[in-house]
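These notes are about the structure you will find just below.
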Amino acid sequence: MRLDKFLSNNGFGSRKEVKLLIKKKRVSINGSFNVKSDDYINPLEDKIIVDNIEVNYQKDYYFLLNKPKGYISATEDNFQKTVLDLLPDYSYLNLFPVGRLDKDTTGVLLITTDGQLAHRLLSPKYHVEKIYIATVDKPLKKSLIEEFKKGIIMDGDLTLPAGLEIIDEFTARVILHQGKYHQVKRTFEHFGYKVLVLHREKFSFLTINGLKEGEFRSLSEEEINKLKKL
Ligand code: URA
């Protein structure tokens, strides 16, 4: 991948800013300062140093995306835009979304290269909390709160108790501790409701606070460690 892209992806500023760093001879590749922005490097093999500090190749990457509508939760597709299209070109990494949000669902989506962590976070054993805001097509009945708690039969099993908080006539907060395919929509459907709008506001302790739709950020060390200890 291009040197300027690599540095930009690793937090050294915009492409314009890293070009300036390179021009000022503050960047070396394998000991040589004779470098250009469009030099191609192998992030896994080449030693890149900026101001005497080695740009460490991270073992794993962790991003939090505020997913907009219209993107599928997949790594590639011939016809549709995927959530990876919203990140810079990290094609040299094997990033993937942790679980799935439907194409029309917005909100918190974790994207990582860490298969072990993803496996844990998605495992029904760990009961990671996921919170959604759903807008439905009919006035919400209070009795649904008890029904969601009881669970329904889905794919042959009783779902775990789910929380339902009615926000207003057509909007509710749904709290799940598992992640079956289309779980929120299918649960409402079971009770005769159609979900018109769905947004995930929380995945465990992670929220999209501060991120506009389509924006992403890297997780902090602290957040990564916290996720690993869930
Ligand atoms: N449940 C759904 O029905 N859709 C989503 O995108 C996430 C949870």
Side-chain angles (χ1 to χ4, degrees), residues 1-15 18 27 29-30 39-50 53-68 70-78 80-103 105-130 178-181 200 202-230:
M1 87 165 333
R2 279 176 59 130
L3 175 66
D4 53 359
K5 194 174 257 190
F6 172 74
L7 291 174
S8 189
N9 288 358
N10 279 283
F12 285 88
S14 64
R15 291 283 275 278
V18 302
V27 183
I29 306 176
N30 301 325
D39 278 347
Y40 272 77
I41 56 137
N42 179 344
L44 305 178
E45 285 176 8
D46 292 322
K47 191 165 173 171
I48 315 300
I49 294 183
V50 180
I53 296 170
E54 184 169 353
V55 184
N56 277 324
Y57 170 73
Q58 278 174 249
K59 182 177 173 288
D60 278 307
Y61 285 71
Y62 304 83
F63 299 105
L64 180 65
L65 171 72
N66 183 355
K67 180 191 171 299
Y71 289 80
I72 61 165
S73 298
T75 53
E76 55 186 359
D77 192 274
N78 285 340
Q80 308 194 70
K81 291 177 289 185
T82 76
V83 288
L84 291 192
D85 292 331
L86 293 159
L87 300 187
D89 181 12
Y90 280 113
S91 49
Y92 64 99
L93 302 172
N94 288 322
L95 283 165
F96 58 87
V98 178
R100 246 184 308 213
L101 287 183
D102 297 334
K103 189 175 171 183
T105 301
T106 58
V108 181
L109 185 64
L110 194 60
I111 294 178
T112 185
T113 52
D114 187 340
Q116 209 179 342
L117 179 69
H119 183 74
R120 258 178 74 105
L121 294 175
L122 295 175
S123 160
K125 259 201 301 198
Y126 293 96
H127 297 185
V128 174
E129 183 178 82
K130 280 145 274 200
Q178 62 189 141
K180 286 183 177 281
Y181 185 59
R200 181 151 75 187
K202 233 171 158 191
F203 181 91
S204 184
F205 59 89
L206 296 169
T207 69
I208 41 90
N209 287 351
L211 289 178
K212 295 199 194 95
E213 270 190 23
E215 285 184 347
F216 70 94
R217 66 172 176 87
S218 295
L219 292 192
S220 66
E221 282 292 312
E222 197 184 339
E223 288 170 323
I224 296 165
N225 289 335
K226 210 165 154 186
L227 281 177
K228 288 181 177 172
K229 285 189 197 127
L230 282 181

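From a predicted model like this one, the values you see are computed outputs, not experimental measurements.
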Matching residue for Leu95 among Thr113, Thr75, Val83, Asp60 - test: side chain to side chain contact (heavy atoms under 4.5 Å, CB included):
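That would be Thr113; it is the only one of Thr113, Thr75, Val83, Asp60 passing the side chain to side chain contact (heavy atoms under 4.5 Å, CB included) with Leu95.
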
Do you know which two heavy atoms are closest between [X] and [Y], and how far apart they sit?
| X | Y | value |
| --- | --- | --- |
| Phe205 | Glu223 | CZ-O, 3.5 Å |
| Arg200 | Val98 | NH2-O, 4.5 Å |
| Lys81 | Gly70 | CE-O, 3.9 Å |
| Leu64 | Leu211 | O-CD1, 3.6 Å |
| Ser8 | Arg15 | OG-N, 3.9 Å |
| Glu213 | Asn66 | N-ND2, 3.4 Å |

Atom pair [atom1]/[atom2] of [X] and [Y] - distance to nearest 0.5 Å:
| X | Y | atom1 | atom2 | result |
| --- | --- | --- | --- | --- |
| Lys202 | Asn209 | NZ | CG | 9.0 Å |
| Leu3 | Tyr40 | CG | OH | 11.0 Å |
| Leu109 | Phe203 | CG | CZ | 8.5 Å |
| Asn30 | Asp46 | CG | CG | 4.5 Å |
| Asp77 | Ile72 | CG | CD1 | 3.5 Å |
| Asn94 | Asp114 | CG | CG | 12.5 Å |

Which is it for Ile111 and Leu86 under the side-chain contact (heavy atoms from CB on, under 4.5 Å) test, yes or no, and what are the steps along the way?
CA-CA 11 Å; Ile111 294 178; Leu86 293 159; over 6 Å; no

Do [X] and [Y] have side chains that get closer than 4.5 Å, going by heavy atoms?
| X | Y | answer |
| --- | --- | --- |
| Leu230 | Ser204 | yes |
| Pro97 | Lys67 | no |
| Asp85 | Thr82 | yes |

Other residues, nucleotides, ligands: >12 heavy atoms within 6.0 Å of [X] [atom1]:
| X | atom1 | value |
| --- | --- | --- |
| Glu222 | CD | no |
| Tyr181 | OH | no |
| Arg2 | CZ | yes |
| His127 | NE2 | yes |

With side-chain contact (heavy atoms from CB on, under 4.5 Å) as the criterion, how do Phe96 and Thr112 come out once you've worked through the C-alpha distance, each side chain's angles and the decisive distance to 0.1 Å?
CA-CA 6 Å; Phe96 58 87; Thr112 185; 4.1 Å; yes

Leu110 and Leu227: side-chain contact (heavy atoms from CB on, under 4.5 Å), yes or no, with the steps?
CA-CA 11 Å; Leu110 194 60; Leu227 281 177; 3.9 Å; yes

Determine, step by step, whether Leu87 and Leu84 satisfy the side-chain contact (heavy atoms from CB on, under 4.5 Å) criterion, reporting the C-alpha distance in whole Å, the side-chain angles of both residues, the deciding distance to 0.1 Å, and the verdict.
CA-CA 5 Å; Leu87 300 187; Leu84 291 192; 4.3 Å; yes

